Student: 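Encoded as structure tokens, here's the structure I'll be asking about.
None of the values given here were measured: they were computed from a predicted structure. Reminder, nothing fancy here: chain letters follow the sequence lines and each chain counts from 1.
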Amino acid sequence: MDGTRILFDGFALLAMGSAGLCITRRNPVASALWLVVTLFALAALFVLLDAQFIAVLQVLVYAGAIMVLFLFVIMLLNLGRAAPTDLKGPLGLGVGVLLAGLLLVQLLVLRQAGPATGGAARATVEQGIIPTVARPLFTAYLVPFEITSLLLLAAIVGAVVLAKRKL
Amino acid sequence: MIPLPPLPLALLWVVPALPLAGFVVNGALALAAPRAKRAVSITGVGALVLAFAAAALAVVELAQLHPSAPLVFRYWEWLPVGDLQVALALQLDQLSAVMILVVTGVGALIHVFSVGYMHDDPGYARYFAYLNLFVFFMLTLVLGASFPVMFVGWEGVGLCSYLLIGFWFTEKINADAGKKAFIVNRIGDFGFLVAMLLIFRHTGSLDFGVVFPKASAAFAVGGPVVTAITLFLFLGCTGKSAQIPLYIWLPDAMQGPTPVSALIHAATMVTAGVYLVARCGALFALSPVASATVAGVGALTALFAATIALKQWDIKRVLAYSTVSQLGYMFLGVGTGAYAAGIFHLTTHAFFKALLFLGSGSVIHAMHRAYHATHAHEDAQDMRNMGGLARYMPWTAALMWIATLAIAGIPPLAGFFSKDEILGAAFARGAVRPAWYVFWGMGLAAALLTAFYMTRLMLYTFHGPNRTGDREREQLHEAPPVMTGPLVALGALTVLGGALNIPPLFGGGARLEHWLAPVTDAAFTPAPDASPATEWVLVVSAVLVAAVGMVGAFRLLKPEALAPARLAPPERGLGRLLWKKWYVDELYDAIVVRPVLWLSREVLWKIVDMRLVDGLLVNGTAAASRALGWVGSRLQTGEVGVYVVLFVVGVLAVLGAVVR
Amino acid sequence: MLLGPALTVSGVLFALGVLGVLLRRNAIVIFMCVELMLNAANLAFVAFAQQLGVAGQIFVFFVMAVAAAEAAVGLAIILAVYRHRHTVDLQNINLLKG
Amino acid sequence: MSFFLAASIIKIVVVFTVIMVGVALLTLAERRICAWMQDRLGPNRVGPQGLLQPAADGLKNLVKEETLPAQADQVLFMLAPIMSFVPALLTFAVIPFATPLPTRWGDVEMVVANLPVGFLYILAFGSLGVYGIVLAGWSSNNKYSLLGGLRASAQMISYEIAMGMSTVAVLLIAGNVTLTDVIAKQSPSLFTWNVFPLSLAYFIFIVAAFAETNRLPFDLPEAEGELIAGYHTEYSAMKFSMFYIAEYSNMVTASALMTTLFFGGWDIPFTTWDNTPPWTTLKTLATLAMFSAKVMFFLFLYIWVRWTLPRFRYDQLMALGWKVMLPLALAYVTVIATAIWFLHDGLGWTYDTRFALALFALNLVLAVPLFFVLDRGRIVAGAVAEA
């Protein structure tokens with residue numbers, strides 16, 4: 001158990017624990033905040049997995065933008081108070097736990113099918129953190145990247161059209 | 001295969017392409033400018049004349065080469081489907097050379113005649129478009145280098161035949177005649193198709209150049225497969241060439257314009273069956289049963305149709321039954337194995353029957369104009385309304401007499417040589433198979449009847465007193481030169497056509513036989529040569545029979561005593577039986593048409609269509625869909641939660657399949 | 001190295017996300033659970049990227065772009081729905097009932 | 001390793017202390033400058049020139065009674081001031097404030113954590129400051145507070161994009177996101193300070209920085225005139241002063257950022273003596289002083305602006321953010337990237353004073369039409385009309 005592993009386990013537990021709290025808090029704001037904690041923990045895990053750039057992006061995009069947007073909408077609709085019916089009844093609970101449990105089992109079984117570990121491709125060290133991601137992004141993945149920009153544009157237009165009362 | 005042929009012959013496609021171009025131009029004119037008759041005439045006739053010239057050039061070229069195998073020109077791949085490789089290929093050999101000359105030559109003359117005959121018709125451009133299209137398909141039929149290409153022509157001429165029979169489709173009887181021809185032909189075409197599939201099944205190809213050389217190796221002589229193939233092919237022939245039992249459409253086809261009858265229903269299309277049998281001689285030679293069937297059906301048809309012709313009053317119907325009868329002769333010839341004789345008769349028949357039809361067309365034209373001028377509603381085609389027309393139309397009368405003598409078999413006209421050769425071959429074959437003596441006897445009897453009914457036609461039409469009517473008589477006169485010109489040309493061919501194939505007996509060289517030898521040798525079943533003495537006896541007896549028929553007609557028939565059509569008393573006894581065409585149409589009506597109609601109405605319509613298709617399948621499908629939709633709509637609770645549960649279950653199932 | 005544990009965490013987070021979607025009725029919270037699932041996938045991508053090359057990180061990049069677009073449009077839809085129905089409880093939004 | 005740890009801990013403690021003291025003094029400075037601008041005295045009773053006033057305020061806040069609204073979300077209500085305070089401190093961690101200090105055990109970098117993704121780190125944590133405000137607004141269970149929180153979140157998201165886009169230009173010149181590299185690129189001369197080659201980016205950045213720190217003219221979340229102090233209406237005593245501390249910490253960080261990104265960081269102008277090793281303690285002290293001076297200037301600018309300009313209306317704020325700042329930033333990135341590409345790849349220039357001056361010229365050219373567009377005829381044409 002080296003230091004990295006200890007840190008990893010700690011953040012992993014934090015991520016899973018706060019995710020569990022996220023889905024069980026009745027208060028949407030609490031849920032959102034626990035989700036933010038999960039996202040932070042994930043960012044830490046990304047750093048430990050040699051993906052510093054992605055970790056920063058995680059904080060920047062998810063915690064800094066998307067979750068603020070969520071909070072904004074929750075407050076805009078004044079949904080901050082916990083609704084008495086937000087969680088489903090015992091039947092829903094049973095079905096949900098059953099299905100999610102089955103899924104978890106399957107995913108854990110599926111984990112064994114992954115490729116063997118080892119042979120780490122640590123290009124990061126030679127190229128620096130950002131070029132490692134940026135080079136393929138602007139060469140091999142240039143077309144998907146450009147398409148992403150189109151997607152975002154479409155999303156902006158769509159969001160404006162949907163949310164505006166009068167265009 | 002054949003090495004690349006010299007350049008001029010590779011342009012063989014020009015021959016069918018010219019009439020096709022004519023069709024396109026005339027078709028466009030028919031749609032755009034139906035009144036541009038001059039342009040239509042120039043295009044329609046010009047295409048045929050040029051096609052004839054091209055065909056003649058091609059044949060001259062072929063004559064210089066005189067190859068022992070057909071020249072095949074593959075233009076492009078048509079149906080490359082797995083094992084089945086069908087190219088759009090044309091082939092030129094001695095047999096198709098004869099055919100394209102007949103088709104384009106006689107066709108050109110008939111086109112010229114049509115210019116006069118159809119001159120006042122509002123559908124002038126459409127007519128020439130159809131006619132050109134027909135010639136294109138006929139040339140495709142005879143030039144095709146494989147069964148499918150030939151079949152395209154085969155179906156195409158059927159289509160054009162339908163279009164032209166029903167050319168004046170505003171009269172129901174014409175449209176019905178067209179439909180009858182089409183439907184009856186379909187039965188035959190079905191036979192052709194089945195034969196084609198069988199051939200492919202057993203030889204793996206549909207090209208003539210592959211199938212025929214392979215045939216003797218692929219099929220046992222007299223084996224069931226080859227017999228079935230040839231019999232199905234012959235079924236196709238009986239449809240297209242109007243043999244028993246499918247001949248019934250041809251007399252009705254006389255509803256079309258008379259030049260059409262001359263071109264399609266006398267000279268060209270109906271001979272396609274003969275051509276097919278000759279072309280597939282290699283197959284028929286392997287099946288004695290089929291050959292005997294062909295010969296027997298031919299002989300029976302010759303006799304049977306001749307009897308009907310005896311009592312017909314419609315001038316074109318007489319000629320129609322005569323055509324059926326003469327086609328029977330051709331089948332007797334090719335069934336006997338005397339392919340050259342059959343083709344020879346096909347050629348000469350094309351000349352004199354075209355002449356007869358065009359002559360009758362000339363008569364009808366005159367009669368029609370006469371009745372039209374006086375607004376009388378008499379039948380312009382009924383011989384009882386004619387009589388004594390020789391005075392008004394001397395050219396027509398003289399030329400038709402030549403044709404009559406030819407068809408009766410009076411030497412030295414063309415018909416004599418060709419008919420005599422067929423009968424001679426049949427008799428000679430009788431030495432091997434006695435059945436052929438019977439066929440020969442039937443042929444001879446048919447010859448007697450032929451001489452009789454043709455003389456009857458001439459007598460009632462051109463001689464005796466005129467029964468047309470007093471006012472109408474003044475309107476009768478000879479056709480314009482554009483119509484008599486082709487008649488004269490055909491008359492010359494009728495007189496001289498026999499020279500093509502004068503047998504050695506008369507010191508001739510049997511040129512057509514030698515010309516066709518590369519094609520027919522492979523298929524020819526050698527008939528034992530009869531001694532010259534026997535042959536002389538046969539020739540003399542044939543001529544005698546013809547003479548007896550003609551003299552008998554002169555003796556027995558009294559044109560002076562004939563009443564005009566509307567005053568004529570009903571026929572009785574055997575005469576009525578013959579006049580009613582042996583009640584064959586009624587018989588078919590009773591055993592085929594009515595049961596089919598009953599089956600269609602009572603079973604197919606009221607049970608299958610109404611109950612099964614409409615009730616069970618159509619409405620049932622709708623009901624099932626609605627029921628399914630109802631069930632599905634129960635799942636559409638509109639609640640996202642339910643959808644999510646179902647979705648997750650689906651994901652679990654898919655993942656489960658992967659995890660296993 | 002850390003691939004195995006990372007995949008385990010990823011699986012657990014994903015299952016938690018699914019559980020959340022199944023359990024909750026508030027549309028916005030369900031949406032957040034979907035984001036949780038996306039992040040679980042991202043974790044798996046990053047874990048694989050450590051072993052198998054940087055392409056996994058590129059995919060995370062795209063996932064984030066999609067998530068951002070989804071959040072914008074999705075929240076706009078929720079806003080629009082709320083304006084009409086004055087609720088974001090999915091059990092009360094069943095206009096699509098068949 | 002242990003030296004690195006020890007140095008880091010010392011740096012953390014020192015920086016934290018300095019900022020806290022600085023924030024305390026800043027509150028005093030604000031009041032005094034404000035008073036000066038308004039031609040009055042300001043607090044001057046506690047200690048010499050009122051220097052001990054912040055200590056008195058702190059003492060007062062510590063002993064004051066904490067109030068807790070009955071319907072408030074207890075945990076979040078407590079958490080909110082902390083969450084608004086922490087990101088500002090965190091952000092400062094990556095800002096280099098002097099040349100490395102040579103010691104017996106090796107050079108000590110004068111930055112708490114020299115991260116390779118330093119700049120992105122700033123962006124990431126800078127965007128988190130909003131959580132404190134939003135949660136404070138929401139957990140107070142007060143209409144005005146909630147509105148303040150809402151405004152804060154919308155304002156934050158709106159201006160963050162423009163801010164990020166404007167700094168892309170800085171990265172284009174630096175070619176790296178490490179802040180020490182950013183400073184090194186600006187060191188050669190006065191004109192290589194990014195404020196010259198990237199003047200318009202600086203303009204966008206400073207506007208966005210004002211908005212991000214919720215300072216006038218963009219202090220809509222607390223706007224006492226309309227929201228009766230907005231998100232911190234319900235707060236009192238130490239929690240309230242935490243928000244104050246957070247606000248001033250944010251100002252310090254933003255000023256430090258402007259200094260670092262656009263004004264050469266610790267670079268002393270008109271000399272390259274400070275930029276080159278060997279490092280000496282003198283150099284460290286000199287550059288530290290320079291850095292502090294620059295930061296103080298910007299802090300003064302903040303206060304100056306606050307007491308000079310009126311508050312925007314909320315719709316004006318959003319319109320400015322989305323319709324002016326964002327398109328401007330996007331267009332500017334495009335133009336400046338093209339220009340850099342042309343100068344660097346087209347003409348083969350390396351980055352030096354000449355390069356910077358060429359870009360500065362371009363900025364001046366761009367600034368003139370921009371000024372007319374933004375002005376919409378109010379100042380220029382209005383003056384003309386009066387004359």
Side-chain angles (χ1 to χ4, degrees), chain A residues 8 12 15-16 19-20 22-23 28 31-32 35 38-39 42 45-46 48-51 54 57 61 65-66 69-70 73-74 77 79 83 85-88 92-93 95-97 99-100 103-104 107-108 111 114-115 117 120-121 123 132-133 136-137 141 144 148 151-152 155-156 158-159 162-163, chain C residues 1-9 11-20 22-26 28-29 31-33 35-36 39 42-43 46-55 57-58 60-62 64-73 75-80 82-83 88-89 91:
Chain A
F8 185 92
M16 292 187 285
C22 165
I23 64 166
S31 280
L35 185 58
T38 311
L39 298 175
L42 277 174
L45 293 185
F46 289 168
L48 295 173
L49 290 167
D50 297 325
I54 296 296
L57 275 191
V61 175
I66 295 180
L69 196 59
F70 271 100
V73 172
I74 293 172
L77 306 185
L79 301 170
T85 57
D86 193 38
L87 281 169
K88 283 181 184 161
L93 187 71
V95 172
V97 170
L99 288 177
L103 187 68
L104 180 60
L107 285 175
L108 292 182
R111 197 175 65 103
T117 58
T132 320
V133 182
L137 192 61
Y141 296 92
T148 308
L151 171 78
L152 289 172
I156 292 171
L162 281 168
Chain C
M1 283 218 314
L2 291 173
L3 179 61
L7 288 181
T8 309
V9 176
V12 171
L13 288 180
F14 195 88
L16 283 172
V18 171
L19 182 63
L22 288 169
L23 284 186
R24 304 304 292 256
R25 294 162 62 169
N26 185 324
I28 297 177
V29 179
F31 220 150
M32 294 196 293
C33 294
E35 299 290 337
L36 184 59
N39 272 284
N42 281 356
L43 179 59
V46 169
F48 280 122
Q50 194 196 17
Q51 305 290 326
L52 302 172
V54 79
Q57 296 192 21
I58 307 280
V60 174
F61 183 86
F62 289 133
M64 281 181 185
V66 170
E70 181 200 327
V73 177
L75 289 173
I77 290 173
I78 290 174
L79 217 60
Y82 184 81
R83 268 191 212 132
V88 290
D89 188 335
Q91 280 193 333

Student: Using a 4.5 angstrom heavy-atom cutoff, name the option from C:Val66, C:Ile77, C:Val12, C:Ile58 with the most pairs to chain A.
Tutor: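 Among the listed options, the one with the most contacts to chain A is C:Ile58.
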Student: Heavy-atom distance under 4.5 Å to chain C: side chain of A:Leu57, backbone, both or neither?
Tutor: both
Student: Does any heavy atom of chain C fall under 4.5 Å from the side chain of A:Leu108, the backbone, both, or neither of them?
Tutor: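 Side chain only.
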Student: Could you tell me which of C:Leu43, C:Val18, C:Leu79 has the largest number of non-hydrogen atom pairs under 4.5 Å with chain A?
Tutor: C:Leu43
Student: Considering only heavy atoms, which portion of A:Leu42 lies under 4.5 Å from any heavy atom of chain C: side chain, backbone, both, or neither?
Tutor: side chain
Student: At a 4.5 Å cut-off on heavy atoms, which part of A:Ile66 comes close to chain C: side chain, backbone, both, or neither?
Tutor: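 The side chain, not the backbone.
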Student: Please classify the contact of A:Ile54 with chain C as side chain, backbone, both or neither, using a heavy-atom distance under 4.5 Å.
Tutor: both
Student: Looking at A:Ala15, A:Cys22, A:Ser31, A:Ala65, which one has more heavy-atom pairs under 4.5 Å with chain C than the rest?
Tutor: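 Sorted descending by pairs with chain C, the first entry is A:Ser31.
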Student: Of the backbone (N, CA, C, O) and the side chain (C-beta and beyond), which part of A:Phe8 lies under 4.5 Å from a heavy atom of chain C, both, or neither?
Tutor: side chain
Student: Most heavy-atom pairs under 4.5 angstrom with chain C, which of A:Leu48, A:Thr38, A:Leu152?
Tutor: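 Between A:Leu48, A:Thr38, A:Leu152, the count favours A:Leu152.
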Student: Against chain C, label A:Ile156 side chain, backbone, both or neither, depending on which of its atoms sit under 4.5 Å from a heavy atom there.
Tutor: neither
Student: Under a 4.5 Å cutoff for heavy-atom pairs, which residue among A:Gly20, A:Ala12, A:Ala51 has the most contacts with chain C?
Tutor: A:Ala51
Student: Would you indicate whether the side-chain heavy atoms of C:Gln50 and C:Leu3 approach each other to under 4.5 Å?
Tutor: no
